[in-house]
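Residue numbering restarts at 1 for every chain, and letters A, B, ... go by the order of the sequence lines. Keep in mind it's a predicted model, so treat the numbers as computed, not measured.
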Protein chains: 2
Amino acid sequence: MNTKNATIADVAARAGVSVPTVSRVLTGAARVSPAKVERVEAAIAELNFRPSAAARTLASRRSQVIAVIAGDTSRYGYAETIRGVEVAARAAGYTVMITVVETADDEEVDRAITATMTQSIAGVVILKFDPPGVAALKRLPADIPVVALSGVRDVGVPQAVLDEARAAEELTTLLLGLGHRTVHHVRVPPSRREDGRTTGWRRALRKAGAPVPETHDAGWEPRTGLEIGRRLAEDPSVTAVFCGNDEIAMGVMRGLADAGLRVPDDVSVAGFDDHPLAEMWSPPLTTAEQDFAGLGRRGFQLLLHVIDDTSDRLYSSERPRIILRESTAAPNPERLRAGAGVAQAAEADDAGREARGA
Amino acid sequence: MNTKNATIADVAARAGVSVPTVSRVLTGAARVSPAKVERVEAAIAELNFRPSAAARTLASRRSQVIAVIAGDTSRYGYAETIRGVEVAARAAGYTVMITVVETADDEEVDRAITATMTQSIAGVVILKFDPPGVAALKRLPADIPVVALSGVRDVGVPQAVLDEARAAEELTTLLLGLGHRTVHHVRVPPSRREDGRTTGWRRALRKAGAPVPETHDAGWEPRTGLEIGRRLAEDPSVTAVFCGNDEIAMGVMRGLADAGLRVPDDVSVAGFDDHPLAEMWSPPLTTAEQDFAGLGRRGFQLLLHVIDDTSDRLYSSERPRIILRESTAAPNPERLRAGAGVAQAAEADDAGREARGA
DNA sequence: GTGAAAGCGCTAACAG
DNA sequence: CTGTTAGCGCTTTCAC
């Protein structure tokens, strides 16, 4: 076996042709006589030659690598989105490079942008799921092809979107339709001031004329939902809870259970995303499906269009699907009664705050 | 602002120095007079210059990119391991490139190896968690620095390991200590004939003189555990189940619950990995913690040693930790009695098979 | 079709 | 310390 990598010159020598000819059969850029093609291919196989992407990129000023910039790589939605990008990229002959931006600090964002731009890449897909993603998108040089992936439509950048607001609105409306006076909301860390999930929830309540309760803020870790669940259990006006994602919903349910409440008998809980474990949960979780992998795939396709300048319609969105399972039901009449007084007060409170412009 | 990327020559011209001098301040390879350093840095900032990794790699034959080869990127253990690698790589100034190998087919593995080797990379970290990973490791050229990450120690390759067999043995022993006659086992897809998890389980049973029941094979999806759970419920000799990972354990528990059995009252269930949702589950899941992110970090550090040829001890392992929660308890006396006859028969059966050399 | 010549943007030896 | 001279391995003109 050959230890050192053969070069295109080695292949040319072995095949008895010139270097450019080898390059031609490699790239298929120009026609080469069948006889030579065959000899070149034989030489490539014999020498186990693999072209150097670095040299090729340097000479051609084109690259088959794309970068994914993300605030995280491991959490469900992120990992699935990245997987979708990777699958589509691989199918198109591209390789994926990862750049993680942990915070939205100037320094961290710059570091990430530099790390990304230094690599000669064809384009970047950026997960605009959180503040670091938003910040990175803002700082990315304008001359590099880029596609943003997110839950809310934004202007000025080609993007693939999951219509979170719509899904959240439908889900909340469904809960209201079950007979709940209102629906409480536990947020996951938003990408900016307000997420599509929260917006949709609010919109549904407004449209239904239901009171809009104060939101509860959870982190990304399921256990952050636990404490919130316990607090929620103490408030008898709470009969339905819509959580920003399934993992938080599971934490909230654990907290509710710790407090002795049953789901959905005492409180209905809905999640978001349709995490693979949502249907395994006890009770199986009502949620809104989010096709993250599809988002990633669509994002990459869009990027390909941006790269090739095939700019017809640089936007892609898809309607989400609500999945009704057993964690949601009609409100518990007793609890509804018990909470009535409290809710009344809260409502007045809420009205007051709104009037003051909060 | 400058649209096109500035080159090192532009910087040199602007700073009034030679190109190599700019290179020197860039790489810090040689001393440059403070005055020039300052001018060069100013020029770099003004031109917003970013060196081209492709050119640098081509000229220096060194790269700051590593590849991660994995059979999957999204599942819990995989995603966390990759995250660990990325964090460590980023801290050391490296960028991570992902190569997914979906199957162990020659063609697919070759495609992945070629895609990886074509990029000029400093080394590769390979997730030897499954057959594709094992196959890819086997086909990787010998001259590229490589570190394998897995649950079982193997010879011939620098590697970071999570001692699965030991964790599984301890967990099974713990279950046995609770009074169960034996422990049933649901496997996740193994990396080869037998995983460390299964090996450890078997070892514990053997050491305790407990019968070794037939294993059940689940897939990666939680729902594959569901059907197995239902089947397990029908067999009264089953009082304790050790699952290959937490997600499958959750599916199994759902199946058990569907059949009307309670955990841990009727059947104890233990998982593996300590998935973030394991403690949110009802009941909270007994499991063995697996520090995947740590595995990834250690793997990258090892790779750095392989690259620098600092070959002291190219192996790293860590003792796992068992987490006892509420999904496991002493066996249900009634079920134990009911199952005795069946178990007896199964045991005889098992003994017979073993005698025949299975 | 095909080869010769000229770089791509950078680093690696050299001299000095 | 610093500039000059050669490439790294490939693609891209441009003749023929």
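Nucleic acid contact class of V22(B) (heavy atoms, under 4.0 Å, all strands): none. Among the atoms of the strands shown, only primed sugar atoms or phosphate atoms (P, OP1, OP2) are found under 4.0 Å from some heavy atom of T27(B).
Look at CZ on R24(B): it is 20 Å from P on dG9(C), rounded to the nearest Å. The separation between D10(A) atom CG and dG9(D) atom C1' is 10 Å, rounded to whole Å. Atom-to-atom, CD of Q119(B) to P of dC10(D) comes out at 13 Å; the value is rounded to the nearest Å. Across the protein-nucleic acid pair, L58(A) atom CG and dG7(C) atom C1' stand 9 Å apart, rounded to whole Å. For the pair R39(B) CZ and dC1(D) P, the interatomic distance rounds to 15 Å; values are reported in whole Å. Residue M117(A) contributes atom CE, which lies 14 Å from atom P of dG9(C) at whole-angstrom precision. Put simply, CG on L47(B) is 12 Å from P on dC10(C), counting in whole angstrom units. Regarding I44(A), its CD1 atom lies at a distance of 16 Å from the P atom of dG9(D), rounded to whole Å.
Not a single donor-acceptor pair under 3.5 Å links the side chain of D110(B) to the backbone N or O of E107(B).
Within the structure, every side-chain polar atom (N or O) of S52(B) is placed at least 4.0 Å from both OP1 and OP2 of dG9(C). Between S60(A) and dC10(D), a side-chain N or O to OP1/OP2 separation shorter than 4.0 Å is absent. OP1 or OP2 of dC10(C) has not a single side-chain nitrogen or oxygen of R50(B) nearer than 4.0 Å.
Ranking dT4(D), dA4(C), dT2(C) by closeness to the P20(A) side chain, first place goes to dA4(C). For R61(A), taking side-chain heavy atoms from C-beta onward, the closest of the listed nucleotides dC8(C), dC10(C), dT2(D) is dC8(C). The T7(A) side chain lies nearest to dG9(D) when the options are dG9(D), dC10(C), dT4(D). With dG9(C), dT2(C), dT12(D) as the candidates, the nucleotide lying closest to the side chain of A59(B) is dG9(C).
To the nearest 0.5 Å, the span separating CD on E80(B) from CZ on R75(B) amounts to 14.5 Å. For the atom pair CD1 of I113(B) and CZ of R139(B), the computed distance is 7.5 Å after rounding to the nearest 0.5 Å. Separating the CZ atom in F300(B) from the CD1 atom in I307(B) is a distance of 6.5 Å, to the nearest 0.5 Å.
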